[in-house]
Amino acid sequence: MTIGQVTYLDGPESVQLKAYDLPAPDDGDVLAEIVRANVCGSELHIWRGEHPHIDNGVLGHEALCRVVETGGEVRDSAGNMLSAGDLIVPAYFATCGECVQCGRGNHQYCENAYKYWSRSPDEWPHFHGTFGTHYYVHEDQYMYRVPPDIDETAAAAANCALSQVIHGLDEVQVTMDETVVIQGAGGLGLNAAAVATEIGAETIVVDGVAKRLERAREFGADHTIDLTEYDTVEARRDRVHELTDGLGADVAVEVTGVPAALDEGFQLLGKGGRYLVMGNIIPGKEATIDPGRAVRKSINVTMTMRYAPTRLNDALTFLSKHGDDYPFGELVDASYPLSDVDSALRDSANREVTRATLVTE
Ligand SMILES: [Zn+2]
Ligand SMILES: [Zn+2]
């Protein structure tokens, strides 16, 4: 194949497939073909035109790729030599190594994180996103070779939710025997339940959909709280306290994307609790909080977006060790050919499917 295709978002909810000659990779870069690319919730924000920085460009960030060609000798970010045919996962953002944040070692805050992502596909090397036949991985993107024992479906989601959750839970230093309450049983919530379980924590997952709670139990949740049964904040607060000997949770993880969840999280936590907030990523929505109540419990709040890029390697290690203990492969419930990318996006937005994946015909 010498020509490939990419999905171009030319305005809110409007995509078209565009064809380009495959680029020969520059020194240190990799041209890869897409094995599968998932439609993530944050992709839908971009598609709808809600993202604060990206309003057009090539779509797609979650993917499992196969190396087609390397620009000279290229090693992955763990030092493994890459060659054609290797499966890899790239971090979806760039780490320029030159900005103030990169200089401080805060690679997840790189000022140039989106430098390739938001480019027009007409601009070389064209394949800026993963909703396509191919993806061009630049030298300043972390990338890792995927061990052969990892399920392909699980590997395709490693560079988003799982890496994010591993990073976040490490930021709030979850330890064995602590209680972690997870607000929301979507992709991030399920991954958080599995990772917290493997750390040895006791987990409580809160959600309003019975099917999602059932899934949460498969991902390690020790207890679940159904919003339709515990239908007030007070009822949920009381239930969490009941499950934690009256103390409240040690750690809360907000992965709902619902602004009102923030104040509720403060109420589910006990004294000295740590609150990891990752679910609300689109500015413009407001929430009411009672700061006095939070301060009186001395709650430590950590808000985080993206991940230290080496977390992607930790995510692969996690899947190698524990991937078979949780139904990661079942998180994707619908496959679409690339030519049907519009339906994949629409069905995901309408919640007709939970997690769509695009495969190249
Ligand atoms: Zn994502
Ligand atoms: Zn940087």
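This structure is a prediction, so every number in the text was calculated from the model and none was measured. Counting starts at 1 for both ligands and their atoms, in listed order.
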Does this structure show an ion pair linking E330 with R215, if we count only N-O contacts that are shorter than 4.0 Å? yes
Heavy-atom closest pair, residues S163 and A315: OG-CB, 3.6 Å
Do you see an N/O/S atom of H107, backbone or side chain, under 2.8 Å from the Zn ion (ligand 2)? no
To the nearest 10 degrees, could you say what angle the Zn ion (ligand 2) makes with SG of C102 and SG of C96? 120°
Suppose we call two aromatic rings close when their centres sit under 6.0 Å apart. Are H126 and Y136 close by that rule? no
Ring centre gap for F219 and F328 strictly below 6.0 Å: yes
How wide is the angle at the Zn ion (ligand 2) between SG of C110 and SG of C99, to the nearest 10°? 120°
For the Zn ion (ligand 1), which N, O or S atom of H61 is at the shortest distance? NE2
